[in-house]
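I have placed the structure first, in the form of structure tokens, so that the comments after it can refer back to it.
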Protein chains: 2
Amino acid sequence: MANIKELARMAGVSVATVSRVLNNHPYVSENKRNAVEQAMKASNYQRNLNAVHLSKGKTMLIGVIVPFVNHPYFGLLVEGIANEAVKNNYKLVLFQTNYEETREIEALEMLKHKQIDALIICSRNSPFSVVDDYTKYGPITLCEDSREKNMSSTFVDHYKSFSQALNYLHSKGHKKIGYCLARNSGSNSRYREKAYEDFLKKINEPFVPDYVFYDCLYFEDGQTVIQRLIGMHSPPTALIVTNDQVAAGILVCCTEEDISVPDQLAILSFDNQPIAQVMNITTLEIPLVEIGKNLLLQAINHRQVHHDELFVKMIERKTV
Amino acid sequence: MANIKELARMAGVSVATVSRVLNNHPYVSENKRNAVEQAMKASNYQRNLNAVHLSKGKTMLIGVIVPFVNHPYFGLLVEGIANEAVKNNYKLVLFQTNYEETREIEALEMLKHKQIDALIICSRNSPFSVVDDYTKYGPITLCEDSREKNMSSTFVDHYKSFSQALNYLHSKGHKKIGYCLARNSGSNSRYREKAYEDFLKKINEPFVPDYVFYDCLYFEDGQTVIQRLIGMHSPPTALIVTNDQVAAGILVCCTEEDISVPDQLAILSFDNQPIAQVMNITTLEIPLVEIGKNLLLQAINHRQVHHDELFVKMIERKTV
DNA sequence: CTGTTAGCGCATTCAT
DNA sequence: ATGAATGCGCTAACAG
């Protein structure tokens, strides 16, 4: 297949000139530019990206690790990253890991081998210790509090946010508060659990294992929650829910089961996705798009490690 | 970061020698080999793959397009491809497309830009016309009959197989035969429908729209099928099912609904996955692993376009 | 067994 | 505005 040298020959110019029109540089005469473009068409020329990357010393590719791409939470996050990526002329390489460590390592190895310029980890399974080993090969940015670590991060304080949620419900008179968590046992979930534990101590209430619901990630998971709830002799009067999708599922089931919201059951979720607005769900907005944008910027401006905390915002609607 | 030249300097050898140990070539003395390995450790050396790929003119990467990785059908296919890939020292780049054409194009573009050496398309959405445009950039192999096209293929004849299934059921006395198809409107499904149409003509039976079930892909889809079936005044006496998973789902529902198999309802599926054996499902075995292996070989031995037909095999068990 | 050297395809000074 | 020359990091003859 044709290369730049052959193009130059065909167009009767130097390779440098060809390179200039390839990269839209100014200062190329119309004639020559046209000649080169003709040659490109005629020979069906295609740039060899391996050569470009080698020559430039970078690939303009940013790796993005997510457990699932098809979940709205990560969807929004990636959207924020992607928007900012195009603005800065970067392309994204998406790694869907299903939380398998092997898949995460694959991405890290690509960083090591310079196939990508930087790596954004939206949620991980691998321990800090293994990720840390790769920081020497390129910038890695995280979507969780990583102060003290050698990588940048953009995050919301989940301990603080969960506490805020608990206090809000408490101020509304709730004492029996349950909560739902995602299926990951990541640091975010741990922060939320710690906040819950401390809250119980503060208001002097006992821990009721039944009030905890794991594996709540999608809309359909709401059903399980309500099933278990109706079986209880003393159910919680309020629920803090992983995200708006699950909250919506719960809400729908409540209607079916004639559970009145918020009177019988108050529901407070996280994210503030469109579905929360449609269904009038009270939620703690997490600025996911903003976080994504910031993660991308940290990844490409790796002058130094930076930690940026963003903040949640209470959106009061009809479910509390 | 260190490069090969620096390694050479550190180890007191030439770059050629370094390259030799890097690539496990023979004919390198113990001393020098050790010296190089020392230097590699000391400098935390990592190969720049862009340079390797440029120099070799190939990447040893094969792209694989699948709509979903988490479906057993594609799981087996990929397994076959992957096994043969490691044997030949190739690595796989998996593209999960969800049947979105954009994602398919991304893979094709990587072929164009020499980021991958070849592309295997297990199932596609893009029309032949667009895929065809990319054959000039590298070998593309398909898992469907593509004779007359400029790309290799390994496939089973779905018209023939479906006819075989129909005739088998007919020979068992069935005239009212229904069938399930996957959600894709790909060429495989079309072949199956054509076979059905021709079969009806042959045995002179009318077409009953109710006997056709679309969107049957996973275990849980079996439930919908049975739901619809019990609502019918004159249900089919036999069902040809997309794959073993759906058949298993149907079978489970039959038990729940007290439908006796095969007396009231005969079930014949495709694939012969482990679940079919466990549940004693009569099935037409599709040699998926074999197909995968052959696809990979076609992709890397692109001396010429080749078309290989493999054959299904009737596995008689207890559901017909 | 080992080193020298010439590419791989492209971007980019540095002259002109 | 344009071209010659150099280098990106590595592999692979070739010569010894």
Side-chain angles (χ1 to χ4, degrees), chain A residues 1-37 39-40 43-61 89 109-117 137-138, chain B residues 1-40 43-61 89 110-117 137-138:
Chain A
M1 213 162 31
N3 62 21
I4 200 176
K5 206 181 285 177
E6 191 171 331
L7 274 195
R9 198 181 44 68
M10 291 173 69
V13 301
S14 74
V15 294
T17 301
V18 175
S19 177
R20 288 195 185 93
V21 348
L22 247 38
N23 296 284
N24 289 311
H25 279 290
Y27 305 128
V28 184
S29 70
E30 273 304 306
N31 322 338
K32 306 227 169 190
R33 182 181 296 278
N34 288 143
V36 171
E37 276 162 359
M40 284 174 58
S43 63
N44 205 284
Y45 170 78
Q46 287 304 326
R47 258 229 252 334
N48 182 326
L49 280 188
N50 293 310
V52 177
H53 294 164
L54 172 60
S55 183
K56 288 205 172 185
K58 54 186 202 167
T59 63
M60 300 304 280
L61 296 176
N89 247 299
E109 285 290 316
M110 285 189 63
L111 182 65
K112 192 183 201 169
H113 293 310
K114 296 196 166 301
Q115 316 240 70
I116 53 181
D117 290 345
Y137 303 119
Chain B
M1 214 161 32
N3 62 20
I4 200 176
K5 205 181 283 178
E6 191 172 331
L7 274 195
R9 196 179 46 67
M10 292 173 68
V13 300
S14 73
V15 293
T17 300
V18 175
S19 178
R20 288 194 185 94
V21 347
L22 247 38
N23 295 286
N24 288 313
H25 279 290
Y27 304 129
V28 183
S29 69
E30 272 304 305
N31 321 337
K32 305 228 169 188
R33 183 182 295 278
N34 287 143
V36 172
E37 276 161 359
Q38 293 295 321
M40 283 174 58
S43 65
N44 206 284
Y45 170 78
Q46 286 306 325
R47 257 229 256 325
N48 181 327
L49 279 188
N50 293 309
V52 176
H53 294 163
L54 173 60
S55 182
K56 289 204 171 187
K58 55 186 203 168
T59 63
M60 300 304 280
L61 295 177
N89 246 300
M110 283 189 64
L111 182 65
K112 191 183 200 170
H113 292 310
K114 297 195 165 301
Q115 317 240 69
I116 54 182
D117 290 345
Y137 304 119

Pairs of donor and acceptor atoms involving the side chains of residues 6-15 of chain A, under 3.5 Å and at least two apart or interchain, shall be tabulated with distances.
{"residue": "A/Ser14", "atom": "OG", "partner": "A/Ala16", "partner atom": "N", "Å": "3.4"}
{"residue": "A/Ser14", "atom": "OG", "partner": "A/Thr17", "partner atom": "N", "Å": "3.3"}
{"residue": "A/Ser14", "atom": "OG", "partner": "A/Thr17", "partner atom": "OG1", "Å": "3.3"}

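- Within the structure, a side-chain polar atom (N or O) of B/Asn3 is placed less than 4.0 Å from OP1 or OP2 of D/dG9.
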Using a 3.5 Å cut-off and no angle test, enumerate the donor-acceptor pairs between side-chain atoms of residues 49-56 of chain B and protein atoms at least two apart in sequence or in another chain.
{"residue": "B/Asn50", "atom": "ND2", "partner": "A/Lys114", "partner atom": "O", "Å": "3.0"}
{"residue": "B/His53", "atom": "ND1", "partner": "B/Leu49", "partner atom": "O", "Å": "3.4"}
{"residue": "B/His53", "atom": "NE2", "partner": "B/Thr59", "partner atom": "O", "Å": "3.4"}

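- Taking the salt bridge (Lys or Arg N to Asp or Glu O under 4.0 Å) definition, one finds that B/Lys32 meets it with nothing, sequence neighbours left out.
- Between the NZ atom of B/Lys56 and the P atom of D/dA13 there is a distance of 11 Å, rounded to whole Å.
- C/dG9 atom P lies 11 Å from atom CD1 of A/Ile4, rounded to whole Å.
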Return the polar atom pairs (N/O with N/O) between nucleotides 14-16 of chain D and the protein under 3.5 Å, or none.
none

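- As a whole-Å value, the separation of A/Tyr137 OH from D/dG9 C1' is 17 Å.
- When the C1' atoms of four end pairs are superposed on the next four at each end of the helix from C/dC1-D/dG16 to C/dT16-D/dA1, using five pairs per end, the two resulting axes differ in direction by 40°, to 10°.
- Shown for residues 25-38 of chain B: no residue has heavy atoms falling under 4.0 angstrom of DNA chain D.
- Between A/Tyr45 and A/Val18, every side-chain heavy-atom pair lies at or beyond the 4.5 Å cut-off.
- Residue B/Ser19 places no side-chain N or O under 4.0 Å from the OP1 or OP2 atom of D/dC10.
- Rounding to whole angstrom units, CZ of residue B/Arg9 and P of C/dT2 are separated by 20 Å.
- Remark: the backbone N or O of B/His25 is not paired with any side-chain donor or acceptor of B/Asn23 at under 3.5 angstrom.
- For A/Leu22, the listed nucleotide lying nearest its side chain is C/dA11; candidates were D/dC8, C/dA11, C/dG3.
- Considering only side-chain N and O atoms, B/Asn23 lies under 4.0 angstrom from the phosphate OP1 or OP2 of D/dT11.
- For the pair A/Asn48 CG and C/dG7 P, the interatomic distance rounds to 18 Å; values are reported in whole Å.
- Contact annotation: A/Ser55 side-chain N/O to C/dG9 OP1/OP2 distance is not under 4.0 Å.
- Atom pair B/Leu7:CG and C/dG3:C1' shows a separation of 16 Å (rounding to whole Å applied).
- Residue contacts shown for B/Val18 are absent, as no nucleic acid heavy atom lies under 4.0 Å away.
- Minimum atom distance to the side chain of B/Ser14 is reached by C/dT4, of the listed C/dT12, C/dC10, C/dT4.
- Atom-to-atom, CE of B/Met60 to P of C/dC8 comes out at 20 Å; the value is rounded to the nearest Å.
- The side chain of B/Ala16 lies closest to C/dT4 when the candidates are C/dT4, C/dA11, D/dT11.
- Distance from the side chain of B/Leu54 is smallest to C/dG9 among C/dG9, C/dG3, D/dC10.
- Summarising the geometry, the separation between NZ on A/Lys58 and P on D/dG9 is reported as 15 Å, rounded to the nearest angstrom.
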